[in-house]
Structures are given as C-alpha cells and as structure tokens.
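The chains referred to below are lettered A, B, ... by the order of the sequence lines, with proteins before strands, and numbering in each begins at 1. The figures here come from the full heavy-atom set of this structure, side chains too, leaving out hydrogens, waters and symmetry mates. Just so you know, these numbers come straight off a predicted model, no measurement behind them.
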2 protein chains.
Amino acid sequence: MTTVDEPARSGGRLRDAARTRAEILDVATAEFARAGYAGARVDEIAARTRTTKRMIYYYFGGKEQLFTAVLERAYSVIRQAEQELDVEHLDPVAAIRRLAELTFDHHEAHPDFIRLVSIENIHEAEHIAASEELGRIGSPALEVIRRILASGRKAGLFTADVDAVDLHAMISSFCFFRVANRHTFGALFGRDLVAADQREHYRTMLGDMVIAYLTADRASD
Amino acid sequence: MTTVDEPARSGGRLRDAARTRAEILDVATAEFARAGYAGARVDEIAARTRTTKRMIYYYFGGKEQLFTAVLERAYSVIRQAEQELDVEHLDPVAAIRRLAELTFDHHEAHPDFIRLVSIENIHEAEHIAASEELGRIGSPALEVIRRILASGRKAGLFTADVDAVDLHAMISSFCFFRVANRHTFGALFGRDLVAADQREHYRTMLGDMVIAYLTADRASD
DNA sequence: TGACTAACGAACCAGTTCGTACATTAGTCG
DNA sequence: CGACTAATGTACGAACTGGTTCGTTAGTCA
C-alpha cells in the first residue's frame with residue numbers, strides 16, 4: 001500500500017517517497033479506469049504526475065505491478081468502508097436493508113473502482129491472483145451478513161435459507177450493474193440508471209427486492 | 001498437411017466477400033472479447049483469419065469500425081433470441097420466471113457477448129452511440145415483460161408497481177454480474193458463480209428473487 | 001563536513017501497432 | 001474472348017510504447 005512511514009519532516013519536501021508513490025497511484029487509478037489496462041499509457045500517467053516515468057518503474061517495477069498496486073489500494077478502501085458498517089443494532093430486516101443501501105451508496109460513490117473491477121475481470125483476475133495481499137483478504141461485510149442472517153432466521157423473520165456469499169452477490173450485482181453498465185443500458189433503453197432523480201427509486205427497489213426475497217413464503221413454489 | 005494448396009476450389013469460392021467478412025467478424029469478436037478494445041491486435045485478428053489485414057481495412061475501414069460491427073452483430077444475436085421468446089401462454093408468475101431463466105441461460109451461453117458489453121461500457125458506449133443500427137433497435141424482451149406485467153397486475157398477482165425497464169435491469173444485473181464478475185468474485189470469495197453444479201441453484205435463486213419482489217406485500221414498508 | 005544512499009530526471013531504445021501504397025488476380029459481363 | 005471491377009496479398013513505414021541507461025541531487029549520518 002501507499003503507507004510508507006511518513007518522514008518526520010512536514011513541509012513540502014522536494015523528495016518525498018511516500019507522496020510521490022501516492023500521487024502515482026492516484027493518477028494511475030484514474031488512467032486505468034479511464035482507458036482499461038491496455039489502453040492506459042504509462043507515459044500519460046507520468047505526465048500527469050509531478051514526477052517522471054522513471055519513478056513509476058523505480059517504485060512499482062512495471063505497468064503490470066502498477067495496476068496490481070492500484071487494485072490493492074482500491075480494494076483496501078472498500079474493505080475499510082465495510083469495517084465501519086454499523087447495522088447490527090437494527091432488527092434483521094432493517095439491518096439488511098441498511099446494508100444493501102450502504103453497498104448501493106458505495107458503488108455510486110466509487111465509479112472508478114467499479115471500472116477497475118470490470119477491467120480486472122476482462123483480464124480474468126490475473127492481477128488479483130498475482131497479489132499476495134488481495135488473495136488473503138476476506139470481506140468484513142460478509143461476516144456482518146452472516147450474523148444478520150443468523151439472527152433473522154432465529155427470529156423467524158427470514159424464510160429463505162440463503163448463504164451469506166450468495167446474498168452478497170445478489171446485492172452487489174444490482175449495485176454493480178447499475179453503475180458499470182449505465183452507458184450501454186442508457187444508449188439502448190434510453191434510461192440513465194444513475195440519474196440523480198432516480199437514485200432513491202433504485203435504492204428502495206434494491207432494498208425491497210432483497211427483503212422480499214428473504215421474507216417470501218417459499219412454500220408457494 | 002491435408003490441404004496445402006488447392007487451386008480449384010470445390011464448393012467454397014476462392015473469393016467470397018460475404019464469407020471473408022463473416023470470418024473477420026468471428027475472429028474479431030473473440031479477439032476483442034479476449035483482450036479488450038485497446039488490447040486487441042489487428043494483426044492478430046488478421047493472422048487468425050484465412051485472409052489478411054488488408055481485408056479488414058478494405059471491409060471495415062479501421063479498428064474502431066470493426067469493433068462497432070462486432071457489437072452490432074453481437075446485439076443482433078440477442079435480439080433474435082429475444083424475438084423467439086414464447087412465454088406468454090403461461091400464467092404471469094410462471095412467465096416471468098421462465099423469462100428470467102431464459103435470460104440467465106443466454107448470459108451463461110454467451111460469455112463473449114458479456115465481455116464485449118463490459119468493454120463497451122469502459123468506453124462509455126461510444127461505439128453504440130456511433131452506430132445507426134444500434135441506436136434505433138429496441139428490445140423485444142422489453143415488450144414481453146410489459147405485457148406480462150400488465151396481465152399480472154390485472155390478475156392481482158403482482159403487488160409491485162414496477163416498470164418493465166427496471167425489471168429488465170433487475171433480471172439482467174444478476175445474470176450479468178454472475179458471468180462478468182466471476183473471476184474477481186471467485187478470487188476474492190473463493191466461490192465460482194459459474195460452476196456447473198451451482199447452475200440450478202442460481203437459476204432458481206434468480207427466479208425466486210424476481211417473483212418474491214413482484215408478489216411481496218409492500219404494505220409492511 | 002564529507003561520504004554515502006535514496007530519490008529523481010532526461011534522453012534514449014528496441015519492439016510493436018495501426019494503417020497504407022502498390023501490385024495482382026478471380027470473376028463477370030458486354 | 002477481353003475489358004473491367006471487386007477482391008486480395010505483400011511489404012513497408014511512421015508513430016507510439018513500455019522499459020532502460022546514465023547521470024544528478026537532496027538528505028542523512030558517521
């Protein structure tokens with residue numbers, strides 16, 4: 001990650017490894033998200049930085065490793081957000097709805113992250129596979145879901161016997177699709193899924209969908 | 001080998017514009033889906049064809065237009081599949097479930113198409129925007145959904161007052177995510193969403209979800 | 001202070017990539 | 001048949017791109 005120990009000096013140092021590294025990562029994130037892995041230009045990233053291309057190779061080794069570092073930092077952000085989830089004081093139904101809404105909000109707030117994930121999937125997650133860090137991180141949200149599901153089942157509120165990972169996939173799929181595919185969807189169906197005045201509508205729709213699924217009377221099958 | 005150089009072609013003509021064009025499109029589809037727009041190599045496409053790069057420029061004009069042509073054909077395939085939808089003889093609940101399942105099946109059967117859509121979204125649907133053909137096609141599935149929703153509401157089966165486009169987005173999001181993000185999801189959560197032995201599970205889950213949403217008692221909100 | 005190292009910059013290079021100029025041939029039609 | 005056009009193949013090049021070589025400077029510490 002970018003957190004190399006901050007040198008004691010504070011003022012605008014000319015030479016500041018941590019700052020340079022972080023700036024490269026910021027610019028690289030935007031560039032990769034903009035143009036995809038192959039479309040991203042190392043020269044372009046360097047040009048938008050206060051440093052030079054030499055430094056990218058000095059700190060990261062190459063384009064491939066730079067992209068991996070970008071992914072690592074992007075995932076660490078979402079992991080951190082998930083760690084701050086505080087919904088378990090709510091009743092199970094409200095907790096799940098709140099969790100879904102927070103996932104919804106996070107996707108909307110981080111379109112670059114969504115693009116990076118799309119790009120990484122085009123490349124069959126090879127960078128995640130190559131990263132030690134990304135390989136062993138779990139999802140804090142998953143644990144939260146697990147606990148809410150357990151208590152909801154215990155209270156007889158949730159009829160569906162869903163697995164936490166599957167529920168996470170269900171919630172994520174809606175949030176992800178809305179942001180990731182907004183361009184083709186908009187072009188083909190003439191509807192902007194991310195329009196500001198539709199936000200509450202889709203947020204509610206997601207919650208309704210998840211709760212309906214969890215509380216449905218499955219006997220009618 | 002078997003066919004070194006056959007001067008006198010039997011059935012297949014030596015010069016066949018339609019065939020050459022189609023072969024280029026086939027190979028280009030695979031190549032773009034494999035590596036993304038920028039990552040795809042025109043030389044590579046040419047090499048895998050029985051013709052040369054010259055022909056790609058002769059028939060399509062350039063890489064950009066070739067990709068647009070690839071998208072146009074890919075979308076025409078799904079449009080055609082949707083036109084063969086035959087679910088309206090079923091009762092509304094069964095019809096929606098069947099429609100969802102067919103969408104599910106189509107996504108699973110056409111991973112290259114999913115990748116192309118992901119790629120096109122990275123490029124903000126600029127090729128769809130540039131295509132006259134793609135701009136004015138509607139979705140046959142949308143009309144089907146509209147009719148089923150209307151009859152379901154009329155029969156008092158569907159409590160939710162959903163819009164057809166939104167329901168289409170809901171169904172698509174789950175199907176799309178499962179295929180498009182299977183690599184990162186698998187790497188991060190250790191679960192293969194496209195594993196053969198999980199297929200029925202997710203297919204059922206999708207149907208349950210959609211039906212639960214449509215038939216839920218929204219009064220409890 | 002002066003040597004030593006981390007951090008940095010400019011210029012360069014070798015391989016690649018899209019695109020094209022030029023030459024040629026198969027098929028068709030009067 | 002012979003001219004004419006659609007279709008095709010070869011070879012090449014200008015621009016670009018990831019990566020490197022070589023040299024410089026700021027900061028640190030003995």
Can you pull out every ring pair (Phe, Tyr, Trp, His ring centres under 6.0 Å) where at least one residue sits in residues 34-64 of chain A? Sequence neighbours excluded, please.
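Found A:Phe32-A:Tyr37, A:Tyr37-A:Phe67, A:Tyr37-A:His123, A:Tyr37-A:His127.
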
Length of the line joining [X]:[atom1] and [N]:[atom2], which is rounded to integer Å:
X	N	atom1	atom2	value
A:Ile45	D:dC16	CD1	C1'	16 Å
B:Phe60	C:dC18	CZ	P	16 Å
B:Leu66	C:dG19	CG	P	10 Å
A:Asp16	C:dA7	CG	C1'	10 Å
A:Phe32	D:dG18	CZ	C1'	11 Å
B:Tyr57	C:dC22	OH	P	18 Å
A:Arg21	C:dC8	CZ	P	12 Å

What do the steps show when you test B:Ile24 against B:Arg21 for side chain to side chain contact (heavy atoms under 4.5 Å, CB included), and what is the final call?
CA-CA 5 Å; B:Ile24 291 173; B:Arg21 246 187 88 100; 5.8 Å; no

For A:Glu200, give me all partners under side-chain contact (heavy atoms from CB on, under 4.5 Å), at least two apart in sequence or on another chain.
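Partners of A:Glu200 under the side-chain contact (heavy atoms from CB on, under 4.5 Å) test: A:Arg203, A:Thr204.
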
Name all residues meeting the side-chain contact (heavy atoms from CB on, under 4.5 Å) criterion together with B:Asp192; count only those two or more places apart in sequence or in a different chain, and write none if there are none.
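Per chain and number, B:Asp192 pairs via side-chain contact (heavy atoms from CB on, under 4.5 Å) with B:Val194, B:Ala195.
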
Atom pairs under 3.5 Å, N or O on each side, protein against nucleotides 9-13 of chain D: can you list them with distances?
unit_1, atom_1, unit_2, atom_2, d
D:dG9, OP2, B:Thr51, OG1, 2.7
D:dG9, OP2, B:Thr52, N, 3.4
D:dG9, O6, B:Arg54, NE, 3.0

Mind checking whether A:Phe176 and A:His107 have parallel, tilted or perpendicular rings, split at 30° and 60°?
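Perpendicular, since the angle between the ring planes exceeds 60°.
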
For the ring pair A:Phe177 and B:Phe174, is the centre-to-centre distance below 6.0 Å?
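Ring centroids of A:Phe177 and B:Phe174 are no less than 6.0 Å from each other.
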
Would you tell me if any nitrogen or oxygen in the side chain of [X] comes within less than 4.0 Å of OP1 or OP2 on [N]?
X	N	value
A:Tyr58	C:dA7	yes
B:Tyr59	D:dA6	no
B:Thr20	D:dT8	yes

I want to check something: taking the side chain as every heavy atom from C-beta on, are B:Tyr75 and B:Ile128 in contact at a cut-off of under 4.5 Å?
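Of all side-chain heavy-atom pairs linking B:Ile128 with B:Tyr75, at least one is under 4.5 Å.
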
So do the side chains of A:Val179 and A:Leu193 get within less than 4.5 Å of each other, counting heavy atoms only?
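No, every pair of side-chain atoms sits at 4.5 Å or beyond.
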
Only pairs at least two apart or in different chains count here, so list each side-chain hydrogen bond (donor to acceptor under 3.5 Å, both in side chains) that has a residue in residues 167-178 of chain B.
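Passing the test, one end in residues 167-178 of chain B: B:Glu108-B:Arg178.
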
Could you go over nucleotides 15-17 of chain C and give all protein N or O partners under 3.5 Å, atom names and distances?
unit_1, atom_1, unit_2, atom_2, d
C:dT17, OP1, B:Arg41, NE, 2.6

